[in-house]
Amino acid sequence: MTDTGTDAVRWERRTAPELRALAERDALVVLPVASLEQHGPHLPVWTDSMIGHACALRAAAEATDVPAIVLPPMWTGMSEHHLPFGGTISLDYATFHGVLRCVCRSIRAGGFKRLLLLNSHGGNIDPLAVSARELCVEFAMPVATTTVFHVAREEIGALLDTQPGVQHACEAETSFWLHLDAAQVRRDQIAHALSPGDSSVAGPVSRFWSFTERAPLTGVIGDPRAATAEKGEKLLAAVAKALAAVMRNQRLWSTPDAVWTPGRVWQGHDGRPISDRQVRT
């Protein structure tokens, strides 16, 4: 897999003085947050990390009007639901948030003022929503999070033939691999990757379900047989375009309201007393 055209936005390929110059330009720091977990019999356990990093690099390279720099992916996340299938390394939430906090504190010490936590793993969605809010308040800096397959949900759905969106080791994720590094796909195993029906309970109730309950036998949700390299190329382009729009959205990168400041109660974010405002009907 090559990264032609993205070297300039890769943190690990920059020198310390170059990164200092980026901080002085108020560059947006992007941290791909992913996982190391089973992806069926045909895809590597690195799948989510590879996809998230590739999407971040492509988006940052395309958003040339927004200075951005992409950190190496955080390769382990909240993946305990995949443990029964092996190949999985998982953090608990306290450690997960602790790592994110240390990254945030480090870039802030280096002069950076904005952070995008770019998720590419389903198990990280809820924890990241909480962590981003906590980090905003603690460090008084904008920390936003989104998931790569949520920012372009409709576009992705239109590109897939067998499923409405990205699932797990599926048509979409297999297509990404076929486009970016086809040699990593165990094609002889694709036909054996399908799982029987999901035995978890859908609906407006949340609880823990392991993947032996959600994707019995193989750990795969979706149909990788429909994957193609051409779809992978189009998926990457769609996600990168949507992410570039996120990076450009100045409203996201405004300074968070300092709600815990002493004496802050009964004042709006603009400093005017709330009691002085009247609702007019």
Does atom CD (Glu12) have a neighbourhood of more than 12 heavy atoms from anything else shown, all under 6.0 Å?
yes

For residues Val66 and Leu117: do they belong to one hydrophobic cluster (side chain heavy atoms under 4.5 Å, members Ile, Leu, Val, Met, Phe, Trp, Tyr)?
no

Once rounded to the nearest 0.5 Å, what's the spacing between atom CD of Glu171 and atom CG of Leu160?
4.5 Å

dist Phe176:CZ -> Phe149:CZ (nearest 0.5 Å) comes out at 5.0 Å

Shortest non-hydrogen pair, Gly219 vs Phe85, comes out as N-CZ, 3.3 Å

Please say yes or no: joined through hydrophobic side-chain contacts below 4.5 Å, possibly via intermediate residues, are Leu83 and Leu36 part of one cluster?
no

Hey, could you give me the CH2/CE distance between Trp253 and Met141, rounded to the nearest 0.5 Å?
9.0 Å

Kindly indicate whether the side chain of Pro127, heavy atoms from C-beta on, has any atom under 4.5 Å from the side chain of His97.
no

Going through the distances and angles, do Leu43 and Thr174 end up as a side chain to side chain contact (heavy atoms under 4.5 Å, CB included)?
CA-CA 7 Å; Leu43 295 184; Thr174 305; 3.6 Å; yes

Are Arg187 and Leu178 close enough that some pair of their side-chain heavy atoms sits under 4.5 Å apart?
yes

Arg114 (side chain) donor-acceptor with Ala27 (main chain) under 3.5 angstrom
no

Does the pair Arg20/Glu24 count as a salt bridge with the N-to-O cut at 4.0 Å?
yes

Using side-chain heavy atoms (C-beta onward) and a distance below 4.5 Å, is Leu194 in contact with Thr218?
no

Does Arg101 come within less than 4.0 Å of Glu138, counting only side-chain N to carboxylate O?
yes

Donor-acceptor contact below 3.5 Å, side chain Arg58 vs main chain Ala56:
no

Any sub-3.5 Å donor-acceptor pair from Glu18's side-chain atoms to Thr15's backbone N or O?
yes

Atom NE2 of His53 and atom OG1 of Thr6: how far apart are they, to the nearest 0.5 Å?
7.5 Å

Has Asn119 got a side-chain atom pairing as donor or acceptor with Leu128's backbone, closer than 3.5 angstrom?
no

Over 60° means perpendicular and under 30° means parallel, so tell me whether Phe112 and Trp11 are parallel, tilted or perpendicular.
tilted

Could you go through His39 and Glu173, starting from their C-alpha distance and side-chain angles, then the distance that decides it, and tell me whether this counts as side-chain hydrogen bond (donor to acceptor under 3.5 Å, both in side chains)?
CA-CA 9 Å; His39 271 75; Glu173 293 191 328; 3.3 Å; yes

Report the C-alpha separation of Arg105 and Cys102 in whole Å, then their side-chain angles, then the decisive distance to 0.1 Å, and conclude whether the side chain to side chain contact (heavy atoms under 4.5 Å, CB included) test is met.
CA-CA 5 Å; Arg105 183 169 61 172; Cys102 287; 4.2 Å; yes

Any cation-pi pair here, Arg207 with Trp209, using under 6.0 Å and within 45°?
yes

Give me the ring orientation class for Phe211 and His168: parallel if the planes are under 30° apart, tilted from 30 to 60°, perpendicular past 60°.
perpendicular

Non-hydrogen atoms of Met74 and Leu91 that approach each other most closely
CE-CD1, 4.1 Å

Under 4.5 Å between side-chain heavy atoms, hopping through other hydrophobics if needed: is there a path connecting Val33 to Trp46?
no

For Pro164, give me all partners under side-chain contact (heavy atoms from CB on, under 4.5 Å), at least two apart in sequence or on another chain.
Gln167

Does some side-chain heavy atom of Ser49 sit less than 4.5 Å from a side-chain heavy atom of Ser120?
no

Basic-acidic side-chain contact under 4.0 Å: Lys241, Glu62
no

Joint cluster assignment, Leu57 & Val29, ILVMFWY side-chain distance < 4.5 Å
no

If you round to the nearest 0.5 Å, how far is OG of Ser195 from CG of Asp223?
11.0 Å

All heavy atoms of Glu213 vs all of Phe208, minimum pair found to be OE1-O, 4.4 Å

Take Ser35 and Asp48 through the test side-chain hydrogen bond (donor to acceptor under 3.5 Å, both in side chains) and record every step on the way to the result.
CA-CA 6 Å; Ser35 67; Asp48 289 347; 2.9 Å; yes

Report yes if some heavy atom in the side chain of Leu115 is under 4.5 Å from a heavy atom in the side chain of Leu31; otherwise report no.
yes

Taking every non-hydrogen atom, the tightest pair across Pro84 and Thr212
CB-CG2, 3.4 Å

Report yes if the side chains of Val70 and Arg10 come closer than 4.5 Å at any heavy-atom pair, otherwise no.
no

With side chain to side chain contact (heavy atoms under 4.5 Å, CB included) as the test, would you mind laying out the steps for Leu116 and Thr145 before giving the verdict?
CA-CA 6 Å; Leu116 174 61; Thr145 184; 5.8 Å; no

Residues Ser210, His81; criterion side-chain hydrogen bond (donor to acceptor under 3.5 Å, both in side chains); working and verdict:
CA-CA 4 Å; Ser210 81; His81 47 301; over 6 Å; no

Just verifying a value: how many Å separate Ile125 CD1 and Met78 CE, rounded to the nearest 0.5 Å?
12.5 Å

For residues Leu235 and His179, determine if any side-chain heavy atom of one lies less than 4.5 Å from a side-chain heavy atom of the other.
no

Considering all heavy atoms of both residues, which atom of Cys104 and which atom of Phe139 are nearest to each other, and what is their separation?
SG-CD1, 3.6 Å

Donor-acceptor contact below 3.5 Å, side chain Thr147 vs main chain His150
no

Answer yes or no: is there a side-chain heavy-atom contact under 4.5 Å between His121 and His82?
yes

His42 and His192 aromatic centres sub-6.0 Å
no

Looking at Leu217 and Pro196, what are the two nearest heavy atoms and their distance?
CD1-CD, 3.9 Å

Kindly determine whether Leu28 and Val30 satisfy side chain to side chain contact (heavy atoms under 4.5 Å, CB included), including the steps that lead there.
CA-CA 6 Å; Leu28 171 66; Val30 182; 4.3 Å; yes

Considering only NZ, NE, NH1 and NH2 on the basic side and carboxylate oxygens on the acidic side, decide whether Asp26 and Lys113 come within less than 4.0 Å.
no

May I have the step-by-step check of side-chain hydrogen bond (donor to acceptor under 3.5 Å, both in side chains) for Glu37 and Thr88, ending in yes or no?
CA-CA 4 Å; Glu37 64 186 33; Thr88 299; 5.9 Å; no

Side-chain heavy atoms under 4.5 angstrom apart, residues restricted to Ile, Leu, Val, Met, Phe, Trp, Tyr: same cluster for Leu71 and Leu22?
yes

